[in-house]
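The block underneath contains the structure these notes are about, expressed in structure tokens.
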Amino acid sequence: MGAARPAKAGARGEAAPDEDAFFPEGAPLSALPALPVDKPLDYLAPPGGVRAGDWVEAPIGPRRALALVWGPPSAELPPDRLKPLARRLDLPPMTPETRRFLARAADYTLIELGQVLRLASRAPGLREAPRMRRLLTLGPERPERMTPARRRVIAFLEAHDGMPFEPAELARQAGVGPGVVKGLEAAGALSARLAPHDPPFARLDPAFAPPALSPAQDEAAEALRQSVAARGYATFLLKGVTGSGKTEVYMEAVAECLRQGRQALVLLPEIALTAAFLDRFERRFGARPAEWHSAAGDAGRRRCWRAAASGQAQVVVGARSAVFLPFRDLGLVVVDEEHDGSYKQEDGPRYNARDMAVLRAALGRATAVLASATPALETWANARAGKYRRLDLPERFGPAVMPRMQAVDMRRHAPPRGEWISEPLARAVNERLARGEQSLLFINRRGYAPLTLCRGCGAHMGCPHCDAWLVEHRLRGRLVCHQCGHSRPVPKACPECGRADALAALGPGVERLAEEARARFPKARTALLSSDLAQSAEQLKARIAAIAAGEADVIIGTQLVAKGHNFPLLTLVGVIDADLGLKGGDLRAAEKTFQLLRQVAGRAGRADRPGAALLQTYAPDHPVIRAILSGDEETFWEREAAQREAAGAPPFGRMAGVIVSGPDEARVWRTAEALARAGAALEQAGAQLFGPAPAPIARIRGRFRVRLLVKAPRGAPLQAALRAWRAATRPEPGVSVVIDIDPQSFL
DNA sequence: AGCACGCCGACT
DNA sequence: GTCGGCGTGCTC
């Protein structure tokens with residue numbers, strides 16, 4: 001996310017200057033339907049009039065759509081051609097801040113403005129009247145005829161001190177039939193009132209249970225508190241390893257936000273992690289926040305959306321799409337584990353919730369907090385450039401931030417053919433076994449073996465849809481393509497030459513490594529952890545928890561172990577192939593490997609009991625390996641940033657990936673070349689175009705794919721230029737051109 | 001998002 | 001000759 005400057009006029013769909021303009025019945029106005037239109041359409045105000053920001057129902061073709069009153073009419077059509085809006089909806093109006101945010105988000109992500117409104121209104125039942133229910137309390141009168149059943153109802157209500165009940169619930173609790181309650185109400189002994197069906201969220205108390213903070217935590221918390229209290233824009237990078245207390249620190253920012261009477265949003269990358277977070281939240285503030293994620297259900301989403309819009313929900317905790325909720329007054333956005341790839345929406349409208357969070361804070365005079373132990377390169381670069389304020393949390397229990405890191409030079413310690421655990425690593429594991437401690441053997445490759453080769457004719461088992469090799473999954477008895485998911489049974493004989501028993505499995509996967517570990521450490525209890533072995537997310541979590549609690553001595557795992565769960569008994573991490581991922585054309589390979597290996601190695605030991613990590617490598621002098629060994633991440637990031645600039649690859653900030661794909665290779669290539677030729681138009685706008693790369697054309701899921709890259713200096717109108725450029729080139733039939741504004745996807 | 005319009009393939 | 005595939009465009 002680039003600089004967070006205040007809103008600038010001129011962007012498409014900018015909120016009208018007259019922010020709460022009133023439009024009396026019949027007056028022309030513009031309103032934005034929640035469908036993929038790229039600008040508001042003109043309508044006439046409905047009976048009773050409307051204001052900018054009001055939710056309405058707009059006729060669109062033969063249908064009616066949810067829409068938002070945007071501002072004065074564009075006057076592109078004469079007023080006699082305009083249709084009147086159907087009606088004003090009983091929903092809290094959208095604030096000018098949120099409207100400006102939606103406009104800028106559309107501009108930044110190249111998503112149609114109406115589609116962004118749709119993201120902001122994805123809750124069920126918005127066009128229906130809010131559901132109400134009848135509640136009964138004790139009325140002023142007593143009934144003339146008193147019966148035992150009636151007495152029970154009255155006594156029950158008296159005992160509950162004015163608390164209201166639904167009729168059916170009251171009858172059940174008082175142990176009477178529904179007729180008794182009805183009779184009492186008719187006699188005037190009970191009075192009824194209507195209340196919203198969705199109960200309000202419990203009030204949160206910022207003073208409920210403030211934790212004792214370390215001096216370093218308190219310093220960071222104070223910086224955040226001051227920023228929230230100042231009610232202006234700022235973004236912080238809150239950096240600290242697991243266990244440094246990041247969560248406690250940003251919870252204090254939430255507390256200050258509550259004291260300010262503004263709303264806070266906490267984005268979490270994984271729904272699976274929310275339950276633990278919610279418990280923690282409740283212990284701090286005495287009640288649970290509103291939740292926003294797909295698993296919350298229709299009722300939950302409706303309740304959360306309305307409470308966010310009305311301001312009743314003080315804090316919303318949610319997945320990435322929560323960033324588009326129409327908050328009434330958002331004062332703080334926290335993005336936890338900001339480097340996490342799941343903040344990126346890849347299907348349908350493409351956006352990165354982390355970037356949207358920063359944009360939203362900038363336009364709403366709010367504080368954004370990006371929390372991570374391993375920030376994304378672009379976040380790190382933004383902090384270095386002074387756009388984000390950086391807060392570093394040291395380890396609470398002393399300087400032992402990372403485990404002792406050591407390389408095992410595989411050129412000197414090569415294991416025998418068909419094995420992958422070196423002697424030094426085996427020794428280290430045996431030491432742990434003797435002490436009753438856990439070891440983790442890490443290999444970032446699922447399955448048994450990455451390559452199956454015929455010893456007879458040399459044929460390798462490739463995917464019929466991609467160029468990728470098929471990976472043998474021995475536990476499933478299948479060959480699987482990790483690119484496209486295609487799978488087939490493991491053949492008995494070579495499909496090329498027909499020779500039986502000639503197929504050889506080459507290279508290690510996690511299943512094979514587990515086999516080797518069991519043979520190598522026969523007395524140890526081994527456990528295999530791989531995402532494709534789990535039946536369900538729940539089951540996987542339970543399994544990880546059991547292993548973390550000590551059910552295994554040697555864990556053999558894929559990158560799944562890098563995230564989430566802590567392993568308190570773990571004191572050794574052995575990285576089987578630290579070089580994996582450093583090869584290949586991915587510009588982000590070094591950065592990704594660096595982060596992954598640090599995260600995995602960081603699982604070893606705890607702050608008070610540092611562990612060790614052994615990296616098996618054939619290239620101990622590779623800069624990435626050296627950076628991981630030295631732990632000097634600042635230098636590493638500096639180098640990565642500089643190298644990208646030197647290579648002419650877009651550095652940071654304003655850039656876009658352009659994905660050209662289709663089923664016909666020649667058509668995809670011709671379209672990519674046509675786009676490249678039209679790049680002159682981009683260059684006039686100060687942008688540069690890279691590609692298409694001369695490398696062989698990629699095949700993914702049966703479609704050919706070519707990538708182009710566009711970069712523009714800060715301040716260049718990249719979005720507008722991209723729009724014009726794309727419009728100027730007609731893709732060949734069947735070819736699609738997708739512009740991806742987020743850097744993570746294409747680097 | 002729907003829905004109509006429109007231009008090329010296989011068919012009673 | 002037509003029926004129908006879904007690519008493209010429009011909705012105030």
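Below, each value reflects all heavy atoms present in this structure, side chains not excepted, and no hydrogens, waters or symmetry copies. Lettering of chains follows the sequences in order, A, B, ..., and the numbering in each one begins at 1.
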From [atom1] of [X] over to [atom2] of [N], roughly how many Å is that when rounded to an integer?
| X | N | atom1 | atom2 | result |
| --- | --- | --- | --- | --- |
| A:Leu117 | B:dA1 | CG | C1' | 13 Å |
| A:Arg122 | B:dA1 | CZ | C1' | 12 Å |
| A:Asp38 | C:dG9 | CG | C1' | 12 Å |

Item to check | A:Glu291 side chain to A:Val317 backbone, donor-acceptor under 3.5 Å | outcome: no
Item to check | Pair A:Arg302 + A:Asp198, salt bridge at N-O below 4.0 Å | outcome: yes
Item to check | Side-chain ion pair, A:Arg118 and A:Glu112, N-O less than 4.0 Å | outcome: no
Polar atoms only, N or O, under 3.5 Å: list the protein pairs with nucleotides 10-12 of chain C and their distances.
residue : atom : partner : partner atom : Å
C:dT11  : O3'  : A:Gly61 : N            : 3.3
C:dC12  : OP1  : A:Pro59 : O            : 3.4
C:dC12  : OP2  : A:Lys83 : NZ           : 2.5
C:dC12  : O3'  : A:Asp42 : O            : 2.9
C:dC12  : O3'  : A:Lys83 : N            : 2.7
C:dC12  : O2   : A:Asp42 : N            : 2.5

Next on the checklist: Can you confirm whether the side chains of A:Glu338 and A:Thr379 place a donor and an acceptor under 3.5 Å from each other?
Outcome noted: yes
Next on the checklist: Pairing donors with acceptors under 3.5 angstrom, does anything connect the side chains of A:Thr98 and A:Arg360?
Outcome noted: yes
